[in-house]
Amino acid sequence: MRKKVDERIRTLIENGVRQRQRSMFIIVGDKSRDQIVNLNYMLAKSRVKSRPSVLWCYRNKLEISSHRKKRAKQLKKLMQRGLMDPDKADPFSLFLETSDITYCQYKDSERVLGNTFGMCILQDFEALTPNLLARTIETVEGGGLIILLLSSLSSLTSLYTMVMDVHERFRTESHTTAATRFNERFLLSIASCKACIVMDDELNILPISSHMKFIQPVTNNEDSEGLSERERELKDLKDQFRQDFPVGPLIGKCCTMDQGKAVINFLDSILDKSLRSTVALLAARGRGKSAALGLAIAGAVAAGYSNIFVTAPSPENLNTLFDFVCKGMNALEYKEHLHYDVVKSADPNLRKATIQINVHKQHRQTIQYMKPHDHGKLSQVELLVIDEAAAIPLPIVKSLLGPCLVFLSSTVNGYEGTGRSLSLKLLQQLESQSQPSASSDAPNSSRLFKKIELNESIRYASGDPIETWLNELLCLDLANSIPNISRLPHPKECELYYVNRDTLFSYHKESERMMALYVASHYKNSPNDLQLMADAPAHHLFVLLGQVNESENQLPDILCVIQVWILYPDYLLEDLILIFSADDCHWSAVTGEHTCMAMSPLNSDDIKVGGDSIELGFLEPFYQDFRQRFRRLLGTSFRHLNFKLAMSVLASKIDFSYHEPSEYDVSLTSKLLRDVLSPHDMKRLEAYSNNLVDYHLILDLVPILAHEYFSEKLPVTLHGAQASVLFCMGLQDKDISATKEELGIEREQVLSNFIKTMKKLYGYLHNTAGKEIEATLPRLKEIEMAPLSRSMDEDLDEAAEEVKEKRRAAEEATVDPKLLQKYAIDSDAFEIEKALQDGKLSGSGVISVKSSKTNADKKEKHREKSKRKETDGSRSSKKKRT
């Protein structure tokens, strides 16, 4: 039976096509799928160009095959079963056969990013999440349709009780039922969406779309050439620079006026060639940031830049950028393979992403991809391009900024996560540094900073009602709603209020003031966070407000938002292990900053506290575990964490001013000296404390002492500077120079506080267990010095008598001829007579003759002399011993 379609449906579709804006239809009923054909037909009739391409998203079961041959088999089976008349063409089957349809499961929706479709069909509403909703809707071009199929619902009110797939992750052992506040917010939002119609599966408009009752056709605001006002401005801009090289050909590739102006600003900095500018391009998603950067890089190649580096979280993020680099160079009459070559990645995980372009038309020029963490390898770079800078850790982005021309882009709000660290921190810092100081003599020495914003979307026209609805539903564009608090009230004037989440997610403007502060306080938010806050049963929200004036009909400024996740001791251990093992509880990949979850036990008679845990209750083991892990990581992951913040986390309550060492302290110290510190270590520590050795000799002991002190096992009172020096050098493994820079004091002060600290620690260790240390040290064998039995005079007298006795014996003895024989002249008589006849006598009467002794005789004489010396020496030694 033929039925006339409500004119409002056709009017909404035609208005969207004329204004290049999107429209949305929500179809409720079991036969909702059959109406896709009619809506597609009306859209095709309203368009001048070809039939729209279709994106069909589903959870896991499509009910129709996405493969043409399989679909033909299904149709054949239907005809065999008599469920389909072969003579009458099924409109839905014709639609499937003739349309360009891309089927995609929700879990694979990331692969459709960057693609553009004329129609998007979303089935299995219970599988949708805010991220998926935004990701798929943003692929639709202006004039296209978004169709939501609610085939499993008999009425819209069923959404209030619909169990979403994501709720399974929100449930806990103690909270088994998740709320459906987000679905309620969704229903309230579509009631006010200016481009959305809710209807049943027979195209009857439901009362919730009563705001569409008086919709009227719109006329095109186009000139004689069929161009809108913004399109006319863009055409005039292209005509203005048509003859300028390289600006003209590159501007010709721009799709919006904002994009054209951005490319001109980039080229101004490129042609300036001062290499001291930083240009930041900020925009929401889908504004053409990557394309503008790609065209600017092509202009840099034409300007003669040789070394161009491009970085992003992954090479896959740069597909659009490199595509527009090639398009820009083609527009500048560069030919691929003749003037430039494109190098693809060989890594199968990167899916042949472009990583390098080598240009060799004028001279050798290179456009090279570089990982963000490889910033230390930057050398001779002239232009550095950072795409999606908000997705790179902020400290790494800062380290990338060097003495070269820098272009960076960032998504300030969008469905993939709002990176606010770049705008809240880095860009403000760069802008303040670019302002020349009044006292500076060289104002041109500072870097120049320029910020560009893109507001016009590439896919659809400005003011698109679907974009406005999506931003309001998912709180994607709340940057302008952040409260500007000029004066903070006194804490006594503030009160903490519990937030009723039913009211918060009621789609009321006032309720979203809290969400604006929530977005501003977190550097990366995802739309899924909104559903977690709304539906998770174990989550609760609190706000800190100033003094409330009940006479004024408005809420005061929100000073602070607190999100509480209630855990119960029965399941606490498992939950906390999951929390502490999560990546985002320790380090943010976006900001490079660390986050910490603060917990406090509640006083309750239902909670049993075991052991000696009194102050912290059942959290005591987790608190001690956290401190131990944090202390161990200070030398690695937290090495560059500000020492003030790190000490406040670890050592905020260490104070031994009024502490007297107890037996427990003595036992801990004894165990430390027994297991960790050797007696030789203590001797080195003693030598340094007495200024006998250099501090390098005890550097290996500093981490041991620091860990023991900050684990409160060494009850020594240290002043703030002394504890800071010990913290930096012992726990964060910093040398004297790094500690000097960290503390902002002189090197001599660092060494002075260091030796004072070591003296205190050694003094405590020595006083507590000094005797045990001395007892374990090796000692020399003691020699007993017994007194002599005789006096020295008696020894001398005895020796004198011995000498006299020997002399007397020698005088009385007869001369032995053998003794005289050794003085005989061993020479020939002829030689003596000859010497006498010459008459050459000396004054002493001595003559010289040649001896007749052989060498053997001489050696024998030498041996006798040596033996005699040895005998005399032994006698003298005996006398000494006596």
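All residue numbers refer to positions in the sequence shown, counting from 1. The figures that follow rest on heavy atoms only: side chains count, while hydrogens, waters and symmetry mates do not.
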Please confirm whether the backbone N or O of Leu96 pairs with a side-chain atom of Ser99, one donor and one acceptor, at under 3.5 Å?
no
Check: Glu7 main-chain N/O paired with Thr11 side-chain donor or acceptor under 3.5 Å:
yes
Can you check side-chain contact (heavy atoms from CB on, under 4.5 Å) on Tyr160 and Leu187, steps first, answer last?
CA-CA 9 Å; Tyr160 291 126; Leu187 276 180; 3.8 Å; yes
Indicate yes or no: at least one non-hydrogen side-chain atom of Leu473 is less than 4.5 angstrom from one of Arg185.
yes
Taking all atoms of both residues into account, what is the closest heavy-atom pair of Ile466 and Cys193, and its distance?
CD1-SG, 4.1 Å
Side chain Arg287, main chain Ile458, donor-acceptor under 3.5 Å:
no
Is Lys4 salt-bridged to Glu202, going by a charged N under 4.0 Å from an acidic O?
no
Would you check if there is a donor-acceptor pair between the side chains of Gln19 and Tyr460 at a distance under 3.5 Å?
no
Residue Tyr41 excluded, over 12 heavy atoms near OH under 6.0 Å
no
Would you say the side chains of Gln531 and Asn528 form a donor-acceptor pair under 3.5 Å?
no
Identify which one of Ser23, Pro217, Ser46 satisfies the side chain to side chain contact (heavy atoms under 4.5 Å, CB included) criterion when paired with Asn15.
Pro217
Side-chain (Lys107) to main-chain (Asn60) donor-acceptor, under 3.5 angstrom:
no
Below 4.5 Å, heavy atoms only, C-beta onward: do Lys450 and Thr278 meet side chain to side chain?
no
Could you check whether any side-chain N or O of Ser209 sits under 3.5 Å from a backbone N or O of Ile205, counting only pairs where one atom can act as donor and the other as acceptor?
no
Intermediate values then yes/no, side-chain hydrogen bond (donor to acceptor under 3.5 Å, both in side chains), Ser189 and Trp469
CA-CA 7 Å; Ser189 67; Trp469 164 77; 3.0 Å; yes
Keeping Gln35 on the side-chain end and Asp201 on the backbone end, is there a donor-acceptor pair under 3.5 Å?
yes
Check the orientation of Phe407 and Phe266. Use parallel for under 30°, tilted for 30 to 60°, and perpendicular for over 60°.
tilted
Do Glu472 and Tyr507 get their side chains close enough for a donor-acceptor pair, meaning under 3.5 Å?
yes
If we ignore hydrogens and angles and just use 3.5 Å, is the side chain of Asp464 paired with the main-chain N or O of Arg22 as donor and acceptor?
yes
Could you check whether any side-chain heavy atom of Leu39 comes within less than 4.5 Å of a side-chain heavy atom of Phe25, counting everything from C-beta outward?
yes
Do Phe125 and Phe186 have ring centroids that are under 6.0 Å from one another?
yes
Nearest heavy atoms of Ala331 and Pro249, plus distance in Å
O-CB, 3.6 Å
Charged N to carboxylate O below 4.0 Å: is that the case for Lys327 and Asp323?
no
Do side-chain atoms of Asp124 reach the backbone of Ala127 as a donor and acceptor pair under 3.5 angstrom?
no
Any chance the side chains of Thr139 and Asn115 put a donor and an acceptor closer than 3.5 Å?
no
Looking only at heavy atoms, what is the nearest atom pair of Ile190 and His211, with distance?
O-CE1, 3.6 Å
Heavy-atom side-chain contact between Ile26 and Cys196 under 4.5 Å
yes
Mark yes or no for whether Asp535, through its side chain, and Arg181, through its backbone, hold a donor-acceptor pair below 3.5 Å.
yes
Any heavy-atom pair between the side chains of Asn204 and Asp6 that's under 4.5 Å?
no
Donor-acceptor pair, Glu456 side chain versus Asp258 backbone, under 3.5 Å?
yes
For the student: nearest non-hydrogen atoms of Leu332 and Pro246, plus distance
CD2-CB, 3.7 Å
Specify the closest pair of heavy atoms between Arg59 and Glu126, including all atoms of both residues, with the distance to one decimal.
NH2-OE2, 3.3 Å
Is it the case that atom CD in Glu336 sees more than 12 heavy atoms from other parts of the structure closer than 6.0 Å?
yes
